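To start, the structure under review is shown below, and the notes come after it.
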Amino acid sequence: TVLGEKELRAPLEELEVALLENDAALSVVEELISQVKRDLVGKRKKWGVDAEGLVKNAIRDALLNILSAQKLDFDEFVSNREKPINIAFIGVNGTGKTTTIAKVAKRLLSYGHSVVIAAADTYRAGATEQIEQHASNLGIKLIKHQYGADPAAVVYDTVKYAKANRKEVVLSDTAGRMHTSVNLMEQLNKIRRVTKPDMVIFVDEAVAGNDAVERAKRFDELVGIDASILTKLDIDENGGAAISIAHSTSKPILFLGIGQGYEDLKKFDAEWLVDKLLS
Amino acid sequence: KLSNSLKETVRKIAMSNRIDKHIVDEVVRDIQRALIQADVKIALVKELSNRIRERSLKEKMVLNPREHVIKVVYEELMTVLGKAVEVPLASQKIMMVGLHGTGKTSTCAKLARYFQKKGLKPAVICADVYRPAASEQLRQLCDRIGVPFFDSANLPQGKGVVEIVKAGVEEFEKYDVKIIDTAGRHALEQEMIEEIHELRAKVKPEQRILVLDASIGQQASVQARAFDDAIGITGIIITKMDGTAKGGGALSAVSETDTGIAFVGTGETVDDLEKFESDRFLSRMLG
Ligand SMILES: Nc1nc2c(ncn2[C@@H]2O[C@H](COP(=O)(O)OP(=O)(O)OP(=O)(O)O)[C@@H](O)[C@H]2O)c(=O)[nH]1
Ligand SMILES: Nc1nc2c(ncn2[C@@H]2O[C@H](COP(=O)(O)OP(=O)(O)OP(=O)(O)O)[C@@H](O)[C@H]2O)c(=O)[nH]1
Ligand SMILES: [Mg+2]
Ligand SMILES: [Mg+2]
């Protein structure tokens with residue numbers, strides 16, 4: 001017998017709701033569901049396999065496809081790339097960029113790499129003091145300028161420092177900003193042009209809903225994203241936002257932030273996340 | 001976006017003077033998609049669309065079907081959203097709580113500025129002893145607008161959050177509005193939830209505001225409920241509405257906390273705080 005639309009409808013709807021309730025964006029879920037429907041309708045149904053099981057497996061494969069479309073091993077990248085490596089962290093306000101830099105710095109140190117941090121958020125109150133504290137906790141050199149200084153200049157100076165002092169990795173913290181601000185997005189572009197980062201990492205939070213698609217898309221369009229890190233998975237375990245971000249940027253997700261401590265960073269595992277989403 | 005597709009489907013209704021089930025189903029589907037994309041809780045979207053469908057079909061013949069359906073949608077959403085919450089221009093203690101990075105600290109300064117412009121004397125107390133440079137951040141914001149600031153540095157080392165706030169309230173006895181900033185926390189952090197529960201019990205702030213990021217997704221109701229259970233929320237502030245997020249999570253938060261929205265944050269400067277207006281909020285949400 002052949003799979004028909006009718007018997008696929010209920011399991012597809014059920015999974016659609018489950019994904020939406022786990023914070024996967026509507027546009028991505030709709031695309032996913034219609035693709036799975038196209039693939040399954042008219043397919044020969046094997047003995048003893050029910051429509052529900054088939055749908056779940058098809059969704060699982062489609063999700064894994066979205067998440068593993070682009071793979072990038074951060075540790076390998078750092079090991080193989082010519083030094084110093086300049087990595088910039090960007091994203092909207094409050095997503096966890098500064099805290100994530102501290103976590104990545106800790107991880108790099110544990111692998112024996114030397115790190116210097118660029119305090120390129122020269123705008124927000126207490127931003128320099130915040131990352132200064134993290135740098136001091138980790139015993140890492142920090143380069144900062146006056147409040148209000150040009151962020152591109154801070155990054156530039158930090159890369160210069162790295163070259164002169166044989167530091168392998170520069171981690172640049174930038175101010176949070178809305179993709180709706182033309183000036184602030186242009187400022188990021190300037191940082192990119194002037195300092196030519198080896199990697200631009202978009203940091204967003206798992207707590208965000210449908211807007212995760214729009215902001216990832218806009219940041220990628222206006223500035224360019226090489227990879228993403230998804231934070232606050234300890235708050236919202238389901239990580240549907242990972243699907244939204246991976247799908248709208250087609251860029252790899254490197255790490256997941258799972259708390260506020262320096263150890264709370266785990267390597268992204270697509271299978272693990274998909275199991276959580278479909279459990 | 002809803003406005004275009006909704007315009008299209010209700011244009012079809014306008015072609016006929018009667019509302020038939022087929023057209024209503026189409027319009028309701030469009031509304032569902034708009035609400036889901038606006039981050040309204042899925043269960044609430046289902047509930048709302050049933051009521052909208054039911055009400056739209058009840059009146060088979062109307063003078064203007066298009067306006068009728070839109071009116072129903074607005075009314076149903078307004079029922080959930082309720083009226084704006086008025087924070088009184090009076091002597092009070094205001095406690096700010098919410099998830100990490102939602103804008104509590106920035107909003108403390110914005111609120112202080114708001115009361116200052118209204119002729120009251122605000123003062124700010126920092127009860128966030130966890131985040132690196134949290135005090136420094138808030139101190140800088142307060143210095144910029146000439147508002148007095150109190151934090152753990154004013155006390156001997158190792159004082160708890162309750163002691164810090166009590167000392168601050170005492171210090172600022174001559175000030176009208178005392179605004180208390182707390183650390184970000186979430187529903188699963190038992191000790192942190194217990195902390196604000198104790199703070200509320202010992203300090204008795206008249207206002208307990210939940211600061212919510214406009215982009216919050218389906219977690220809104222779970223988190224709002226946890227904060228409400230812990231301290232009884234009296235009002236909500238939605239931040240970062242200058243982005244593209246529609247703030248649908250606010251609907252869930254309003255219904256979970258049985259309160260309303262007081263203000264909206266619309267940017268990073270201290271003046272970027274507006275009083276909440278439900279029809280502006282809804283027309284922005286429905287695109
Ligand atoms: N629970 C949890 N909190 C996190 C995580 N990552 C960051 N945070 C918290 O989120 C809040 C904001 O973190 P920041 O690092 O200041 O965020 P940011 O993106 O640099 O913020 P801006 O620079 O203001 O745009 C802080 O309270 C962090 O401790 C995470 O993975 N889990
Ligand atoms: N664009 C925009 N940014 C905002 C708004 N409100 C706050 N922010 C920014 O959001 C980021 C986080 O704000 P904070 O005030 O540090 O947030 P918080 O809730 O105190 O963070 P934690 O104490 O770590 O939980 C900062 O970059 C703020 O400037 C707003 O309405 N619009
Ligand atoms: Mg930061
Ligand atoms: Mg804060």
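Predicted model, so just to flag it, every value in this text is computed and none were measured. Numbered from 1 within each chain, the chains take letters A, B, ... in sequence-line order.
No part of A:Asn137 comes within reach of chain B, as not one of its non-hydrogen atoms sits under 4.5 angstrom from that chain. With a 4.5 Å cut-off on non-hydrogen atoms, A:Glu214 touches chain B through its side chain but not through its backbone. The contact between B:Leu99 and chain A is made entirely by side chain atoms (from C-beta outward), counting heavy-atom distances below 4.5 Å. Heavy atoms closer than 4.5 Å to chain B are found in the side chain of A:Arg215, but not in its backbone. Of the atoms belonging to A:Thr128, not a single heavy atom falls under 4.5 Å from chain B. Of the two parts of B:Lys46, only the side chain, counted from C-beta on, holds a non-hydrogen atom closer than 4.5 Å to a non-hydrogen atom of chain A. Only the side chain of A:Gln260 comes within less than 4.5 Å of a heavy atom in chain B; its backbone stays farther off. Using a 4.5 Å cut-off between heavy atoms, A:Ala25 makes no contact with chain B at all. B:Arg131 touches chain A through its side chain: at least one heavy atom from C-beta onward sits under 4.5 Å away, while N, CA, C and O do not.
If you tally non-hydrogen atom pairs under 4.5 Å between each of B:Thr105, B:Thr239, B:Leu138, B:Ile36 and chain A, the highest count goes to B:Ile36. Per-residue heavy-atom pair counts under 4.5 Å with chain A were compared for B:Ala245, B:Gly267, B:Gly248, and the maximum is reached by B:Ala245. In terms of non-hydrogen atom pairs under 4.5 Å with chain B, the most contact-rich of A:Asn22, A:Asp23, A:Thr95 is A:Asp23. The most heavy-atom pairs under 4.5 Å with chain A, out of B:Ala43, B:Ala214, B:Gly243, come from B:Gly243. Interface remark: of the candidates A:Gly126, A:Ala212, A:Ala206, A:Ala125, A:Ala125 forms the most heavy-atom pairs closer than 4.5 Å to chain B. Between chain B and the options A:Thr180, A:Val17, A:Asn238, A:Leu26, the largest number of non-hydrogen pairs under 4.5 Å is found for A:Leu26.
Side-chain contact annotation: A:Gln35 with A:Arg38, donor-acceptor N/O pair under 3.5 Å absent. Looking at B:Gln140 and A:Glu129, their side chains do bring a donor and an acceptor atom within 3.5 Å of each other. Between the side chains of A:Asp220 and A:Thr249, no donor-acceptor pair of N or O atoms lies under 3.5 Å.
Under a 3.5 Å cut-off, the side chain of A:Ser228 and the backbone N or O of A:Ile253 do not form any donor-acceptor pair. Side chain of A:Lys232 to backbone of B:His100: a donor-acceptor contact under 3.5 angstrom is found. Using modelled atom types, no side-chain atom of B:Asp228 and backbone atom of B:Ile231 make a donor-acceptor pair closer than 3.5 Å.
For the residue pair A:Val213 and A:Ser244, the shortest heavy atom distance occurs at CG2-CB, 3.6 Å.
To the nearest 0.5 Å, atom OG1 of residue B:Thr102 and atom CD of residue A:Glu205 are 9.0 Å apart.
Under the 4.0 Å criterion applied to side-chain N and carboxylate O atoms, A:Asp173 and A:Lys97 are not assigned as salt-bridge partners.
In summary, the aromatic rings of A:Phe89 and A:Phe202 are positioned with their centroids too far apart to meet the 6.0 Å limit.
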